[in-house]
Amino acid sequence: MEMLRRSSVFAAEVFEAFDRFPTDKELVSQGKALCRDFIQARLQRAGLGWSKQEHGMSSTSAGRMSEVSATFLRLGDELEYMRPAVYRNIARQLNISLTSETVLSDAFLAVAAEIFTAGITWGKVVSLYAVAAGLAVDCVKQSQPAFVLTIVDCLGEFVRKTLVTWLKRRGGWTDVIKCVVASDPGLRSHWLVSSACNFGHFLKAVIFFLLRER
């Protein structure tokens, strides 16, 4: 009961942050909450049993957070539809064994850093979330569900070190909502073009990591 109470308090604080200009700490917390939602959706799609609540993780179930989370998932669907093989079997593509949190963390952060070497865009941000979710699916499939928390923490750390300043300039995570407007074909085309370009960045990141390990 105490864990559920703390989760509810945390979720309420995250939701409130969307109604004003968020602090660095709130942006990181929001980014991790979005990651948990993205991972949960991909695990459910893969038919894998796993619950945020069972692992003491809060849910983004109301307010602007819910809208942002839905937008991330929608953009992720677009990205994965274009290149489905890229965001599946991530561990195999990186040639890593999911037996060590250190190996997992190093691999994820190396790929994340390489994806953003040429700058930050929402397409790249969503791509990073898709990579995180793909790795989470691999972890649960390989009987390492606790490693999902490691992925969320790694993404939160990357947000803190690399994305916070950019997010603050754009007014926070809600800016992503402007990137997808179903009635505006121009914005949709822009998203698809950005996704195609981002595919190249991800492949480059994978190759970079594999060569670094040789």
Side-chain angles (χ1 to χ4, degrees), residues 7-42 52 57-80 82 87 108-109 111-133 151-199 201-202 205:
S7 294
S8 297
V9 170
F10 172 80
E13 290 174 349
V14 170
F15 299 152
E16 288 174 5
F18 274 89
D19 295 327
R20 53 183 169 76
F21 197 82
T23 65
D24 292 13
K25 183 178 179 179
E26 288 167 343
L27 287 170
V28 173
S29 296
Q30 292 161 1
K32 291 173 70 173
L34 290 168
C35 183
R36 291 189 283 265
D37 275 3
F38 205 111
I39 287 173
Q40 178 72 27
R42 293 305 181 250
K52 288 176 291 190
M57 303 171 88
S58 61
S59 176
T60 59
S61 58
R64 296 304 300 277
M65 176 68 94
S66 178
E67 188 176 357
V68 172
S69 181
T71 300
F72 259 60
L73 289 170
R74 181 176 177 183
L75 296 178
D77 286 343
E78 292 275 359
L79 195 58
E80 293 167 14
M82 291 182 65
Y87 300 99
F108 179 76
L109 292 174
V111 170
E114 189 66 16
I115 288 175
F116 289 92
T117 52
I120 304 171
T121 66
W122 279 120
K124 292 179 183 180
V125 173
V126 174
S127 178
L128 181 63
Y129 275 72
V131 171
I151 295 170
V152 174
D153 287 340
C154 283
L155 190 142
E157 184 65 10
F158 187 80
V159 169
R160 184 183 69 81
K161 290 184 175 180
T162 306
L163 302 183
V164 159
T165 300
W166 181 80
L167 286 166
K168 291 179 77 171
R169 286 201 303 265
R170 303 185 73 92
W173 294 97
T174 54
D175 181 72
V176 72
I177 298 172
K178 303 173 187 176
C179 293
V180 54
V181 180
S183 59
D184 189 335
L187 285 178
R188 182 179 177 82
S189 296
H190 173 72
W191 163 249
L192 293 175
V193 170
S194 297
S195 299
C197 293
N198 189 66
F199 168 66
H201 283 292
F202 179 71

What's the shortest heavy-atom distance between F38 and G76, and which atoms? CZ-CA, 4.0 Å
Just verifying a value: how many Å separate L167 CG and E26 CD, rounded to the nearest 0.5 Å? 12.5 Å
By ring-ring contact (aromatic ring centres under 6.0 Å, His included), Y129 pairs with (sequence neighbours left out) F72
Can you see which heavy atom on A112 is nearest to which on L128, and at what distance? CB-CD1, 3.5 Å
State, with a plain yes or no, whether a side-chain heavy atom of V125 is found less than 4.5 Å away from one of V176. no
Got a sec, which residues hit side-chain contact (heavy atoms from CB on, under 4.5 Å) with A132, two or more places apart in sequence or on another chain? C35, F108, I151, L155
Straight-line distance of I115 CD1 to I120 CD1, nearest 0.5 Å: 12.0 Å
Rounded to the nearest 0.5 Å, how far does CG of L27 lie from CH2 of W166? 11.0 Å
Please name the pair of heavy atoms, one in G172 and one in W122, separated by the smallest distance, quoted to 0.1 Å. O-CZ2, 4.1 Å
Looking only at heavy atoms, the pair that brings A113 and F158 closest together is N-CE1, 3.8 Å
Closest non-hydrogen atom pair between V28 and V164, with its separation: CG2-CG2, 4.0 Å
Name all residues meeting the side-chain contact (heavy atoms from CB on, under 4.5 Å) criterion together with D153; count only those two or more places apart in sequence or in a different chain, and write none if there are none. K32
C154 and L109: which non-hydrogen atoms are nearest, and at how many Å? O-CD2, 3.8 Å
What residues, two or more places apart in sequence or in another chain, satisfy salt bridge (Lys or Arg N to Asp or Glu O under 4.0 Å) together with K25? none
Side chains of T23 and K168: closer than 4.5 Å at any heavy-atom pair? no
Would you compute the distance between atom CD of Q40 and atom CG of L73 and round it to the nearest 0.5 angstrom? 10.5 Å
Residues in side-chain contact (heavy atoms from CB on, under 4.5 Å) contact with E157, at least two apart in sequence or another chain: R160, K161
NZ (K124) and OG1 (T117) are apart, to the nearest 0.5 Å, by 6.5 Å
